[in-house]
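Counting starts at 1 for both ligands and their atoms, following the listed order.
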Amino acid sequence: MMKKFMSMMMCMVLVVGLTACGGASSTSGSENEIEQIQAKGEIVMATSPDYPPFEFPLADGTVVGFDISIAEAIAAELGVELRVESIDFDGLLPALSTKKVDMVIAGLSSDEKRQQSFGLSDSYYESGYAFLVKAGDEAKYADIEAVKAASVVVQKGSVQEAYANDQGMTQLTSLPKMNDMIQYLETGRAEVVIVDSIVAETYVGLGDYVIAQEVTEGSEGGNVIAVHKEHEALLTKVNEIIATLEANGQLEQFMVEALELQGQQ
Ligand code: ARG
């Protein structure tokens with residue numbers, strides 16, 4: 001009886017020992033992504049700088065905005081430099097998949113499909129979708145049925161593109177860049193542009209545009225930061241940083257600064 005008990009104990013010690021060993025070797029054997037970023041001395045953020053106030057270029061080409069301020073705070077916290085890689089929106093997540101970049105911060109909305117393939121942070125901003133139209137057209141497109149029958153333009157690869165398809169909008173054009181979308185509206189090639197509400201609000205201030213309607217459907221997850229699916233340590237760190245920035249009011253301040261900078265453009 002005693003002998004049996006002893007061998008059982010031995011077994012347990014062995015199992016526990018092995019588990020502990022396995023755990024230890026997996027962390028000490030290879031550096032985690034945060035240590036690798038720190039060894040490189042820089043964190044690479046990919047964005048599509050066509051989406052004020054999230055990210056947009058100044059006259060001299062420098063990319064600024066809400067997302068850039070957040071990225072700078074992340075870089076500072078990790079003690080590294082920030083490098084901003086500009087890529088068209090539909091190329092951002094592919095660049096993250098192949099680990100060409102460390103994170104995507106691009107006014108990116110959380111959705112189920114992205115959640116399956118990437119590490120998505122907690123939301124750092126909440127915004128619905130808005131239907132931006134030319135001033136004077138707002139009554140015409142106040143009803144979703146009228147929008148469905150209109151020529152609509154969305155950003156390629158965006159959640160608004162998926163939304164428009166789900167709604168059965170058939171006169172739909174998907175373009176890689178926000179500037180071209182606005183150009184379509186300006187020249188009458190499209191009647192409605194669907195973008196994140198805060199972006200639409202920014203454009204209202206920039207030209208003869210108004211918001212005909214806003215929807216919350218599909219935007220419930222908010223705007224998030226994406227990292228590689230395996231980079232759980234980085235995701236945890238990013239979430240901690242977002243929580244701190246939110247708690248100390250810096251997040252709000254970053255938005256105020258971004259809107260001010262945009263206003264000066
Ligand atoms: N929120 C939308 C999405 O995630 C559009 C984001 C577009 N961002 C940009 N920087 N152009 O699909």
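The salt bridge (charged side-chain N to carboxylate O under 4.0 Å, His left out) test applied to Glu42 returns Arg83, not counting sequence neighbours. For Tyr203, the ring pair (Phe, Tyr, Trp, His ring centres under 6.0 Å) criterion is met by no residue, not counting sequence neighbours.
A distance of 13.5 Å separates CZ of Phe66 from CG of Leu261, quoted to the nearest 0.5 Å. Interatomic distance, Lys156 NZ to Lys177 NZ, rounded to the nearest 0.5 Å: 11.0 Å.
No donor-acceptor contact under 3.5 angstrom links the side chains of Tyr125 and Asp196, judged on distance only.
Annotation: ligand 1 has protein neighbours Ser48, Asp50, Tyr51, Glu55, Phe89, Ala106, Gly107, Leu108, Ser109, Arg114, Gln155, Ser158, Val159, Gln160, Asp196, each with a heavy atom less than 4.0 angstrom from the ligand.
Under the 4.5 angstrom side-chain criterion for Ile, Leu, Val, Met, Phe, Trp and Tyr, the cluster partners of Val101 are Val44, Ile87, Phe89, Leu92, Leu93, Leu96, Val104, Leu108, Phe118, Leu120, Val224.
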